[in-house]
Number of protein chains: 2
Amino acid sequence: MTSDRSDPPRSAPGRVTSHDVAARAGVSQPTVSRVFSSDPKVSPDLAKRVRRAADELGYRPNRLARSLITGRSRTIGLVLAYLDNPFYAEAIAHLSTALEARGYHIMVRIASNLAEEVDGVVDDMVDHQVDGIILASVSMSNALTGRLRDAKIPFVLFNRGQEDLSLATVTSANFDGGRRAAHFLAAGGHTRIAHVSGWQKSLNGRDRQAGFLAGLADNGLEPLDTIDSHYSRDIAAAATRELFKGSFRPDAIFAGNDHMAFAVIETLRYGLKLNVPGDVSVVGYDDVAMASWPSFDLTTLRQPARRMAESASTLLIDLIAGQAPDRNRIEIDSELIVRSSARIPPGWKRSHKPDNPRQKAATPTSRRPK
Amino acid sequence: MTSDRSDPPRSAPGRVTSHDVAARAGVSQPTVSRVFSSDPKVSPDLAKRVRRAADELGYRPNRLARSLITGRSRTIGLVLAYLDNPFYAEAIAHLSTALEARGYHIMVRIASNLAEEVDGVVDDMVDHQVDGIILASVSMSNALTGRLRDAKIPFVLFNRGQEDLSLATVTSANFDGGRRAAHFLAAGGHTRIAHVSGWQKSLNGRDRQAGFLAGLADNGLEPLDTIDSHYSRDIAAAATRELFKGSFRPDAIFAGNDHMAFAVIETLRYGLKLNVPGDVSVVGYDDVAMASWPSFDLTTLRQPARRMAESASTLLIDLIAGQAPDRNRIEIDSELIVRSSARIPPGWKRSHKPDNPRQKAATPTSRRPK
DNA sequence: TTGGTCTGAGAATACGTATTCTCATGGAAT
DNA sequence: ATTCCATGAGAATACGTATTCTCAGACCAA
């Protein structure tokens with residue numbers, strides 16, 4: 001006999017709580033709670049009775065109430081700056097999958113890179129009691145960093161390093177990737193190599209550029225020019241036109257990411273009537289899905305979005321659990337994917353296309369009329 | 001003198017509650033609550049004192065606790081099936097913005113179109129007490145529909161109609177769009193027109209196809225063929241090859257969305273060595289950002305993602321508020337954007353390019369070394 | 001048989017806020 | 001001056017669950 005008997009269900013109809021289940025199963029509310037938090041300290045037969053009652057009533061635990069008392073919402077906030085770059089769409093998908101597998105949910109917000117806007121968004125997430133935050137491609141103000149520290153909310157920077165070594169970050173090996181791009185172009189015999197770079201106020205952009213310059217230096221080369229194009233299609237296109245204004249024209253361009261590389265290629269082809277890779281070789285960074293499309297067939301450095309998402313998730317969960325991870329700055333190697341947008345040096349081979357199982361299964365259903 | 005004085009703050013350090021604020025301001029906890037829910041029934045000077053105390057302590061209301069008692073989480077769930085189609089990336093961004101402006105937050109989940117998986121994802125969201133759900137491009141099982149009805153959780157289908165007229169949906173005018181595609185191609189003098197269609201188990205796909213067929217019929221034409229290509233790039237490519245196997249080849253193809261149209265164009269160009277639009281005209285549906293890229297310069301029907309997102313948000317909020325909206329099936333007109341991937345009939349003009357203000361501001365910073 | 005440990009489940013409480021209830025105060029109306 | 005209502009704020013309670021505390025009974029050893 002429980003105290004629930006005297007409480008008529010006064011809440012919204014259809015809203016069934018652990019008390020209702022308890023009443024029907026003839027047990028106390030804590031017992032119901034124990035069953036649903038898989039607390040071992042409940043006898044098998046009682047547990048069965050509770051589960052049956054729950055099923056009959058269609059009970060599902062209210063995660064808000066649970067979160068309120070445990071202090072953990074099992075929600076993590078995801079802040080994104082760009083969504084026109086498809087790399088981040090892939091990132092969302094992989095992060096969502098990875099975190100879901102770990103029992104977490106994602107709250108997404110788009111914020112421009114203005115520090116002020118990011119701050120507001122993050123504050124909002126804090127109010128929602130997120131357990132942790134992933135900031136993809138957004139910069140952090142020092143004020144914000146401090147506030148998150150105070151609030152003891154762990155966060156991970158995804159694809160955006162930061163000078164501050166105490167911040168947890170997951171990136172690809174940007175310096176190394178930039179260097180390998182340079183080596184590849186140098187091996188291809190290019191000598192007038194320009195860089196349409198990522199935003200130089202982001203560490204990603206700087207590291208790729210620094211690696212690229214180092215790679216050129218390894219081969220006794222200097223860049224023809226480097227132009228900060230802010231990860232923007234339009235600016236990258238303008239930069240490309242700029243590069244070809246003078247008489248000393250590039251024979252190769254390394255772009256700070258694929259998104260800009262596409263703009264570079266199109267400006268070369270359709271604006272300047274040049275041939276890629278005949279006249280100019282182009283190399284990108286990311287290997288988004290479109291990079292393998294025949295229109296671009298872009299040679300690029302693959303950032304493994306899935307592995308990066310896995311790493312970021314694991315890292316963040318560790319931080320939430322209070323475990324100091326072995327490393328809080330994770331760099332994933334990026335692989336050079338050789339396609340046809342850049343001259344292939346002797347001895348190098350085109351990367352084989354990944355076989356797509358769906359393609360074989362593609363048996364479209366056709367109907368010829370009549 | 002309040003009862004708070006006797007309660008030492010025993011919760012996690014840094015966790016400041018309305019009780020703490022109350023104690024410091026010398027008022028009761030309900031008064032603090034009233035100030036932060038902008039309840040008018042609190043005198044100005046007290047309110048000021050409370051706000052000051054809150055600022056000094058860095059207090060921010062716990063939205064979980066608030067939600068628990070109000071029964072409204074101000075969170076809405078967003079379920080997506082595809083993210084490789086950039087239309088949905090745009091949709092996320094616009095939905096996020098629109099709902100944020102209305103004071104809501106978004107919980108995102110990717111679910112394949114398997115009914116079972118969608119059900120699980122939605123159940124999960126219900127547990128999280130979302131106030132409403134937007135299902136983008138995913139189908140609903142009848143069981144799920146019923147359960148959401150029972151749980152009294154409103155939902156809106158975004159870009160995916162449903163036969164059941166009682167379900168709230170926001171789509172573009174798919175039938176009309178399909179018909180206009182047909183009219184355009186017919187006006188261009190094409191006679192052997194094929195359709196690489198969207199998934200025929202989705203109403204979107206069927207409506208576009210039906211409109212397309214009606215539009216051909218308006219011109220006394222019949223389709224050369226229609227092939228269900230499931231919104232898949234690979235299947236669309238296979239379908240295109242299939243269409244060109246025989247001797248009676250299409251002179252125009254209408255694709256069920258841009259994502260497939262790109263695959264069609266590339267298969268024509270790089271697989272079949274045909275010219276677009278010289279040999280074959282191609283029309284798409286969506287007008288994603290890439291459609292305006294010079295590589296494709298795709299003639300297509302623009303689904304205004306922003307307006308659709310606004311409508312879906314408004315509709316859902318109305319449903320949550322319990323107001324029966326005037327219409328629960330919203331169709332947004334889609335505009336034909338004439339570019340160069342399809343022959344332009346006499347008398348028609350290419351749609352002017354939207355002027356991009358950023359392009360003018362693009363003054364890349366260059367540095368020539370040395 | 002008695003004492004002690006262990007097990008399982010109910011009672012009580014906590015989480016942080018919103019809301020209802022209650023009541024003191026003060027001004028207006030008579 | 002007395003009654004009445006409006007106003008504003010504190011006391012009490014609720015939201016739905018997890019957790020701590022408590023205790024009855026079972027079981028074993030002596």
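The chains referred to below are lettered A, B, ... by the order of the sequence lines, with proteins before strands, and numbering in each begins at 1. Everything numeric in this text was worked out from a predicted model, so none of it was measured.
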Practice task
Looking at every strand, decide which applies to B/Leu46 at a 4.0 Å heavy-atom threshold: base, sugar-phosphate, or nothing.
Solution key: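 Sugar-phosphate, backbone atoms only, no base.
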Exercise for the section: Look at all strands and tell whether B/Val32 reaches a base, only sugar-phosphate, or nothing, counting heavy atoms closer than 4.0 Å. Expected result: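 B/Val32: no heavy atom of the nucleic acid under 4.0 Å.
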Exercise for the section: Taking only Lys NZ, Arg NE, NH1 and NH2, and the carboxylate oxygens of Asp or Glu, determine whether A/Arg60 and B/Asp127 approach each other closer than 4.0 Å. Expected result: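 A salt bridge is present here (some side-chain N lies under 4.0 Å from a carboxylate O).
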Separation of atom [atom1] in [X] from atom [atom2] in [N], rounded to whole Å:
X: A/Gln129; N: C/dT17; atom1: CD; atom2: C1'; answer: 11 Å
X: B/Arg72; N: C/dT17; atom1: CZ; atom2: P; answer: 18 Å
X: A/Arg74; N: D/dT17; atom1: CZ; atom2: P; answer: 17 Å
X: A/Arg63; N: D/dA18; atom1: CZ; atom2: P; answer: 10 Å
X: A/Arg15; N: D/dA14; atom1: CZ; atom2: C1'; answer: 15 Å
X: B/Arg60; N: C/dG16; atom1: CZ; atom2: C1'; answer: 16 Å

Problem - Donor-acceptor side-chain pairing of A/Ser166 and A/Arg149 below 3.5 angstrom - result: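 Yes, because at least one side-chain N or O of A/Ser166 sits under 3.5 Å from a partner of the opposite role on A/Arg149.
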Practice task
Take B/Leu203 and B/Gln162, measure what side-chain contact (heavy atoms from CB on, under 4.5 Å) needs, and give me the verdict at the end.
Solution key: CA-CA 6 Å; B/Leu203 193 58; B/Gln162 203 87 355; 5.6 Å; no
Practice task
Tell me which nucleotide among D/dG10, D/dT17, C/dG16 gets nearest to the side chain of B/Leu68.
Solution key: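 The closest nucleotide is C/dG16.
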Practice task
Please tell me which of the listed nucleotides, D/dT17, C/dT17, D/dA9, lies nearest to the side chain of B/His19?
Solution key: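 From the listed options, C/dT17 comes nearest.
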Exercise for the section: Assign each of B/Asp45 and A/Asn62 to its nearest nucleotide of DNA chain D by heavy atoms, then name whichever residue's nucleotide is nearer the 5' end. Expected result: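 The residue whose closest nucleotide sits nearer the 5' end is B/Asp45.
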Handout entry: Distance below 4.0 Å between B/Ser28 side-chain N/O and D/dG10 OP1 or OP2
Key =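 Checking B/Ser28 against D/dG10: at least one side-chain N or O falls below 4.0 Å of OP1 or OP2.
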Problem - Mutual orientation of the aromatic rings belonging to B/Phe87 and B/Phe158 [parallel < 30°, tilted 30-60°, perpendicular > 60°] - result: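 Ring orientation, 0 to 90° scale: parallel.
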Handout entry: Over 12 non-hydrogen atoms of neighbours within 6.0 angstrom of CG in B/Asp45
Key =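 Enclosed: over 12 neighbouring heavy atoms sit under 6.0 Å from CG of B/Asp45.
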Problem - With sequence neighbours excluded, residues passing side chain to side chain contact (heavy atoms under 4.5 Å, CB included) with B/Ser202 - result: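 B/Arg160, B/Trp199, B/Asn204, B/Tyr231.
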Would you tabulate the pairs of protein nitrogen or oxygen atoms and nucleotide nitrogen or oxygen atoms of nucleotides 19-26 of chain D closer than 3.5 angstrom?
| residue | atom | partner | partner atom | Å |
| --- | --- | --- | --- | --- |
| D/dT20 | O4 | A/Arg34 | NH1 | 3.4 |

Problem - For B/Tyr82, ring pair (Phe, Tyr, Trp, His ring centres under 6.0 Å) partners two or more places apart - result: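 B/Tyr82 satisfies ring pair (Phe, Tyr, Trp, His ring centres under 6.0 Å) with no other residue.
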